[in-house]
Amino acid sequence: MLEMTREEFEELVAEALDRIPPELTRLMDNVAVFVEDEPDDPSDTELLGLYEGTPLTDRGEWYAGVLPDRITVYRGPTLRMCSSREEVVAETEVTVVHEIAHHFGIDDARLHALGYG
């Protein structure tokens, strides 16, 4: 498995977030991004990221006073699937875009069609 400290990986996630166009980040609402070493479910060894929350497209008048949506990027599975730092950078960017797309209400089928599977 490729070695990378938690801090280095967190920096890659931050850099991927910085590459999201400002016109999109301005539209993001009530969402927080986290880095975890592993998914909660130990059998989920290939899960690179997870979006938990209510997509912007599903929010209505009732949406108020709720905890932020949560995007989590998982370090362990990403490092296990990549063989170089360059691959980690690319995969982290894809994962961040994928999870942000869920925040905007884009489903997995559409993301796979766009190459973010």
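Note that the structure is a prediction, hence the values are computed from the model and not measured.
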Can you give the donor-acceptor pairs under 3.5 Å from side chains of residues 64-74 to other protein atoms, not counting sequence neighbours?
unit_1: Asp69; atom_1: OD1; unit_2: Thr54; atom_2: N; d: 3.2
unit_1: Asp69; atom_1: OD1; unit_2: Arg59; atom_2: NH2; d: 3.3
unit_1: Asp69; atom_1: OD2; unit_2: Tyr51; atom_2: OH; d: 2.3
unit_1: Asp69; atom_1: OD2; unit_2: Arg59; atom_2: NH2; d: 2.7
unit_1: Asp69; atom_1: OD2; unit_2: His103; atom_2: ND1; d: 3.2
unit_1: Arg70; atom_1: NE; unit_2: Thr72; atom_2: OG1; d: 3.3
unit_1: Arg70; atom_1: NH2; unit_2: Glu36; atom_2: OE2; d: 3.3

Pair up each side-chain donor or acceptor in residues 13-21 with any protein partner under 3.5 Å, not counting sequence neighbours, and list the distances.
unit_1: Arg19; atom_1: NE; unit_2: Glu93; atom_2: OE1; d: 2.5
unit_1: Arg19; atom_1: NH2; unit_2: Glu93; atom_2: OE1; d: 2.9

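Val97 and Leu47 fall into different hydrophobic clusters, where Ile, Leu, Val, Met, Phe, Trp and Tyr residues are linked whenever their side-chain heavy atoms come under 4.5 Å apart, directly or through other members. In the hydrophobic cluster analysis, where Ile, Leu, Val, Met, Phe, Trp and Tyr join through side-chain heavy atoms closer than 4.5 angstrom, Leu111 is grouped together with Met28. Val31 and Leu50 sit in two unconnected hydrophobic clusters of ILVMFWY residues. Membership requires side-chain heavy atoms under 4.5 Å apart, directly or through other members. No single ILVMFWY cluster, assembled from side-chain heavy atoms under 4.5 Å apart, contains both Phe9 and Phe34. Residues Leu2 and Val35 share a single hydrophobic cluster, defined by chaining ILVMFWY side chains whose heavy atoms lie under 4.5 Å apart.
With a 4.5 Å cut-off on side-chain heavy atoms, Pro77 and Glu46 do not count as touching. No side-chain heavy atom of Leu27 sits less than 4.5 Å from a side-chain heavy atom of Glu23. Counting heavy atoms from C-beta outward, Leu12 and Met4 have side chains that approach closer than 4.5 Å. A 4.5 Å side-chain heavy-atom check between Val88 and Glu91 finds every atom pair outside the cut-off. Residues Tyr63 and Asp58 have side chains not in contact (no heavy-atom distance under 4.5 Å, counting atoms from C-beta outward).
The two residues Asp108 and His98 come nearest to each other via the heavy atoms OD1-NE2, 3.0 Å. Contact record, Pro39 with Asp44: CG-O, 3.3 Å, taken as the closest heavy-atom pair. What you find for Pro42 and Asp40 is that their closest heavy atoms are CD-O, 3.2 Å. Between His102 and Asp107, the shortest heavy-atom distance links the atoms CE1-C, 4.1 Å.
Although no hydrogens or angles enter the test, the distance criterion places no donor-acceptor pair under 3.5 Å between the side chain of Glu99 and the main chain of Val96.
Around atom CZ of Arg6, more than 12 heavy atoms belonging to other residues, nucleotides or ligands sit under 6.0 Å away.
Contacts classified as salt bridge (charged side-chain N to carboxylate O under 4.0 Å, His left out) and involving residues 79-88 (residues at least two apart or in different chains) are given here: Glu38-Arg80.
Rounded to the nearest 0.5 angstrom, Glu10 CD and Glu8 CD are separated by 11.0 Å.
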